Chemist: 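Dropping the structure in here first, questions after.
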Amino acid sequence: MAECVKVIVRCRPMNGREKALDCKNCVSMESAKGSCTIKNPDDPKAPPKTFTFDGAYFTDSTTEAIYNDIAYPLVEGVTEGYNGTIFAYGQTGCGKSFSMQGIPDPATQRGIIPRAFDHIFETVSVADGCKFLIHASYLEIYNEDVRDLLGKDSKARMDLKEHPEKGVYVAGLSMHPVHNVVDCNHIMEKGWKNRATGATLMNADSSRSHSIFTIFMEMSNNDEEGEEHIRAGKLNLVDLAGSERQGKTGATGDRLKEATKINLSLSALGNVISALVDGKSKHIPYRDSKLTRLLQDSLGGNTKTMMVACLSPADNNYDETLSTLRYANRAKNIKNKPKINEDPKDALLRQYQEEIEKLKAMLMGQIPVPKGGFDLSSSDGL
Ligand code: ADP
Ligand code: MG
């Protein structure tokens with residue numbers, strides 16, 4: 001069954017700088033209707049523009065509410081074997097990291113990522129007769145280079161490969177087993193630090209790079225006949241680069257070229273979204289950037305996808321905010337066809353179980369132990 005990408009908008013409160021500049025508020029929302037209205041501060045006679053979304057969260061909203069309303073069913077789907085993607089979009093300083101990572105205090109503002117960790121391991125702890133295998137990976141795309149934030153060398157350039165069944169993946173991306181929420185947080189912090197070091201060395205910052213934290217879940221249970229079934233779900237948590245340069249791609253000629261070079265992936269994402277929703281394009285330019293290749297399944301593919309578009313209320317950000325609203329408005333028309341990943345051929349659970357059976361048989365002398373011992377490190381994750 002096709003379902004659209006779920007899009008919500010979230011407006012942060014006015015920050016100190018905007019208050020000091022005596023900025024006026026140009027954004028208003030009617031949360032019950034999911035609508036967001038913006039007024040042009042330079043043209044008071046122009047009619048305000050109104051957009052409607054799957055949710056509109058104003059300055060006093062909590063991440064807890066956003067999670068419960070929109071993210072919860074998506075993450076629940078991942079624990080059932082669907083793929084899910086949650087991404088935050090918007091101008092730098094408008095609340096992408098606030099929404100994804102969040103702050104510990106007050107607890108209502110803990111981010112979507114730590115809430116997803118809690119949710120997944122809560123499900124694991126109450127599931128009866130079900131075995132789970134959970135791994136995490138963390139990568140960054142900076143200047144069209146993909147880097148493994150948890151790898152031996154977090155600056156090394158990684159290649160994208162395509163597999164007929166698995167789709168596009170990063171060759172050699174390190175996969176880390178996680179057994180609980182503490183493991184997840186540890187991995188997240190470790191990767192975040194590598195990202196920060198990379199940032200000072202390369203003079204990059206989070207406004208110019210995209211990061212994708214992925215949780216791979218495999219679960220197995222036996223049907224009535226005792227036959228084992230494995231399902232696999234994948235959750236991508238994406239913190240995109242700041243969109244302010246993307247706004248410039250409305251320009252033409254040299255400025256368009258410049259903006260495209262500065263963040264090719266973000267412009268490509270806009271082009272993919274446009275091509276998906278205009279209904280005329282047969283060709284969707286996924287191959288134009290690393291980000292769109294990696295998120296191909298999340299945009300018009302078999303994934304449940306949610307976008308949090310982050311806004312500033314201040315009138316001096318009018319152009320950027322309008323551009324974010326238009327982008328978000330297009331994205332909500334993308335149709336996906338989520339499906340459960342049933343008995344995937346490359347399931348690690350099955351590989352591990354087969355290895356264990358083999359080892360048991362060797363121990364019991366049923367099959368000979370190979371010369372040079374055995375190798376358990378052969379499984380190469382997605
Ligand atoms: P981004 O990741 O989009 O560049 P941040 O999430 O880092 O922006 O937010 C910038 C600043 O605004 C941070 O200090 C953050 O705490 C604050 N902020 C963002 N969104 C909210 C919000 N909804 N409520 C309160 N403060 C917010
Ligand atoms: Mg950020």
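When a ligand or atom number is given, it counts from 1 through the structure's own listing order. Just the heavy atoms: all of them, side chains too, but no hydrogens, waters or symmetry mates, feed the values below. Only a predicted model underlies this, so the values are computations on that prediction, with no experimental measurement involved.
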Chemist: Name the option, out of Gly90, Ala241, Gly95, Ser243, that contains the heavy atom nearest to atom 8 (O) of ligand 1.
Modeler: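 When every heavy atom of Gly90, Ala241, Gly95, Ser243 is considered, Gly95 comes closest to atom 8 (O) of ligand 1.
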Chemist: Of the listed options (Ser312, Cys310, Gly93, Gly16), which comes nearest to atom 11 (C) of ligand 1 when hydrogens are ignored and any heavy atom counts?
Modeler: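 Answer by nearest heavy atom: Gly93.
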Chemist: In terms of ring plane angle, is the pair Tyr327 and Tyr89 parallel, tilted or perpendicular, where the classes change at 30° and 60°?
Modeler: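 The arrangement is parallel - the two ring planes meet at less than 30°.
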Chemist: Kindly write out the residues that satisfy side chain to side chain donor-acceptor pair (under 3.5 Å) with Asp105, not counting sequence neighbours, or none if the list is empty.
Modeler: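 For Asp105, no residue satisfies side chain to side chain donor-acceptor pair (under 3.5 Å) once neighbours in sequence are set aside.
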Chemist: Going by side chain to side chain donor-acceptor pair (under 3.5 Å), name the residues that satisfy it together with Arg287, two or more places apart in sequence or in a different chain.
Modeler: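 Expected list: Glu162.
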Chemist: Kindly give the heavy-atom pair with the smallest separation between Ala328 and Met307, and that separation in Å.
Modeler: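 So the two residues come closest at CA-CE, 4.0 Å.
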Chemist: Verify the distance test for Ser97 against the Mg ion (ligand 2): any N/O/S atom under 2.8 Å, yes or no.
Modeler: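 For Ser97, the answer is yes, given that an N, O or S atom comes within less than 2.8 Å of the Mg ion (ligand 2).
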Chemist: Would you mind listing which atoms of ligand 1 come within a distance below 4.0 Å of any non-hydrogen atom of Thr92?
Modeler: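 Every atom of ligand 1 under 4.0 Å from some heavy atom of Thr92: 4 (O).
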Chemist: At under 4.0 Å between heavy atoms, which part of Ser61 makes contact with ligand 1: side chain, backbone, both or neither?
Modeler: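 Neither part.
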Chemist: Hey, looking at atom 6 (O) of ligand 1, which of Tyr57, Phe58, Phe98 has the closest heavy atom?
Modeler: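 Closest candidate by heavy-atom distance is Phe98.
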Chemist: Go through the steps to decide whether Phe213 and Phe117 satisfy the test ring-ring contact (aromatic ring centres under 6.0 Å, His included), and finish with yes or no.
Modeler: CA-CA 11 Å; Phe213 189 95; Phe117 294 165; 5.5 Å; yes
Chemist: Where does Gln91 meet ligand 1, judged by heavy-atom distances below 4.0 Å: at the side chain, the backbone, both, or neither?
Modeler: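 The answer is the backbone.
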Chemist: Does any N/O atom on Asp239 come nearer than 3.5 Å to any N/O atom on ligand 1?
Modeler: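 Not met; the criterion fails.
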Chemist: Give the atoms of ligand 1, by number and element, whose distance to some non-hydrogen atom of Arg10 is under 4.0 Å.
Modeler: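 With Arg10 as reference, the close atoms of ligand 1 come out as 23 (N).
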Chemist: Measure from the side-chain N and O atoms of Ser99 to the backbone N and O of Gly95, and report whether any donor-acceptor pair falls under 3.5 Å.
Modeler: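 Answer holds: yes.
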Chemist: What part of Ser97 sits under 4.0 Å from ligand 1 if we count only heavy atoms: the side chain, the backbone, both or neither?
Modeler: both
Chemist: Treating Glu228 as the side-chain partner and Ser220 as the backbone partner, does any N or O pair qualify as donor plus acceptor under 3.5 Å?
Modeler: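 Between the backbone of Ser220 and the side chain of Glu228 there is no qualifying donor-acceptor contact (under 3.5 Å).
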